[in-house]
Amino acid sequence: MAEKIKVMYSEKEVEDRIGELADQINRDYEGKEIHLIGILRGGCFFMCELAKRITVPVTIDFMSASSYGMSTTSSGVVKIVKDLEEQIVGREVIVVEDIIDTGRTLSYLLEMLRERGPESLRLCTLLDKPDRRVVPVTIDYNGFSIPDEFVVGYGLDYAQKYRNLPYIGIVEFDEE
């Protein structure tokens with residue numbers, strides 16, 4: 001089975017939307033310093049582009065969590081693969097994710113981070129798939145709400161491929 005990628009959002013559309021999100025964050029955090037936490041692996045592409053457009057002081061850190069193990073369906077058990085390097089007590093924190101679908105992993109991570117005592121904790125995602133949500137998650141900054149399609153690009157992958165595409169594409173499988 002081979003796959004084709006059909007453009008959902010062009011590079012320009014993605015770049016423009018990231019600029020709009022950064023503008024909103026700049027307004028919301030005027031006079032403050034923010035700490036961005038990128039969720040690896042996919043979130044790093046989006047977070048770097050977002051951070052370049054933020055004009056208030058920014059620090060960054062990364063986390064990685066898994067609820068899938070070796071399966072394609074969530075086990076419901078979240079494992080922290082990489083934890084933060086820095087403390088977040090008293091900081092203005094924005095968690096940056098590439099896509100939110102079921103909400104299971106993000107809900108768990110956000111609760112865990114709240115317990116670490118940040119001044120504020122918000123969520124920014126490039127893509128939201130609300131039709132797949134099984135656990136409620138409040139999204140403060142949302143790039144695009146999308147239908148339940150398998151998407152790649154801008155950090156999102158299929159079998160570790162296509163993360164480097166500068167646009168968001170839908171994976172279409174060809175039967176051979």
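For the single chain, residues carry numbers from 1 onward in sequence order. Please read these numbers as outputs of a predicted model, since none were measured by experiment.
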Discussion item. Starting from L121, can I reach L36 by hopping between I/L/V/M/F/W/Y residues whose side chains sit under 4.5 Å apart?
Written reply: no
Worksheet item: Are I139 and Y154 connected in the hydrophobic side-chain network, where two residues link if heavy atoms are under 4.5 Å apart?
Response: no
Worksheet item: Less than 4.5 Å apart, any side-chain heavy atom of Y29 and any of R122?
Response: yes
Worksheet item: Looking only at heavy atoms, which two atoms of D98 and L156 are closest? And how far apart?
Response: OD2-CD2, 3.4 Å
Worksheet item: Less than 4.5 Å apart, any side-chain heavy atom of F144 and any of V151?
Response: no
Discussion item. For a 4.5 angstrom cut-off between non-hydrogen side-chain atoms, does R17 reach Y9?
Written reply: no
Worksheet item: Which heavy-atom pair separates N164 from F45 by the least distance, and what is that distance?
Response: CA-CE2, 4.2 Å
Discussion item. What's the separation between atom CG in D101 and atom CZ in R133, rounded to the nearest 0.5 Å?
Written reply: 7.5 Å
Item to complete: Step through the shown structure and confirm whether more than 12 heavy atoms of other residues, nucleotides or ligands are within 6.0 Å of CD on Q87.
Response: no
Worksheet item: With a 4.5 Å limit on heavy-atom distance, are the side chains of L113 and V95 in contact?
Response: yes
Worksheet item: To the nearest 0.5 Å, how far apart are CD1 in I54 and CG in D23?
Response: 10.0 Å
Worksheet item: Got a sec, which residues hit salt bridge (Lys or Arg N to Asp or Glu O under 4.0 Å) with R53, two or more places apart in sequence or on another chain?
Response: E15, E49
Discussion item. Please give me the minimum heavy-atom distance between P147 and M8, naming the atom from each residue.
Written reply: CD-CE, 4.1 Å
Worksheet item: Which distance, rounded to the nearest 0.5 Å, do you find between the OG1 of T102 and the NZ of K129?
Response: 10.0 Å
Worksheet item: So, do I39 and T105 sit near enough that their side-chain heavy atoms are less than 4.5 Å apart?
Response: no
Discussion item. With clusters defined by side-chain heavy atoms of hydrophobic residues (ILVMFWY) lying less than 4.5 Å apart, directly or transitively, does V56 cluster with L50?
Written reply: yes
Item to complete: Enter the distance from L110:CG to T138:OG1 here, rounded to the nearest 0.5 Å.
Response: 8.5 Å
Item to complete: Inspect the contact between D16 and K12 and indicate whether a charged nitrogen and a carboxylate oxygen are less than 4.0 angstrom apart.
Response: yes
Worksheet item: Less than 4.5 Å apart, any side-chain heavy atom of D140 and any of D28?
Response: no
Worksheet entry | Close side-chain approach of K82 to D61, heavy-atom, < 4.5 Å | yes
Worksheet entry | Closest approach of E11 to Y167 (non-hydrogen atoms, all atoms of both residues) | N-CB, 3.6 Å
Discussion item. Does any part of the side chain of E115, heavy atoms only, come nearer than 4.5 Å to the side chain of E111, both counted from C-beta?
Written reply: yes
Item to complete: Measure the CD1-OG1 distance between I37 and T59 for me, rounded to the nearest 0.5 Å.
Response: 9.0 Å
Worksheet item: What are the two closest non-hydrogen atoms of T125 and F46, and how far apart are they?
Response: C-CE2, 3.6 Å
Worksheet item: Tell me, which pairs form a salt bridge (charged side-chain N to carboxylate O under 4.0 Å, His left out) where one or both residues lie in residues 31-42, sequence neighbours left out?
Response: K32-E92
Fill in: V135 with M112, same ILVMFWY side-chain cluster at under 4.5 Å
no
Response to the item:
Which of I168, D128, I99 passes side-chain contact (heavy atoms from CB on, under 4.5 Å) with I146? Answer is I99
Worksheet entry | Closest contact, heavy atoms only, C124 versus I94 | CB-CG2, 3.7 Å
Worksheet item: Sequence neighbours excluded, which residues qualify as salt bridge (Lys or Arg N to Asp or Glu O under 4.0 Å) partners of E30?
Response: none
Item to complete: Examine Y141 and L123 and state if one hydrophobic cluster contains both, with Ile, Leu, Val, Met, Phe, Trp and Tyr joined whenever side-chain heavy atoms are less than 4.5 Å apart.
Response: no
Response to the item:
Separation between CZ (R114) and CD1 (I88), nearest 0.5 Å, reads 10.5 Å
Worksheet entry | Sidechain N-carboxylate O distance under 4.0 Å for R116, D83 | yes
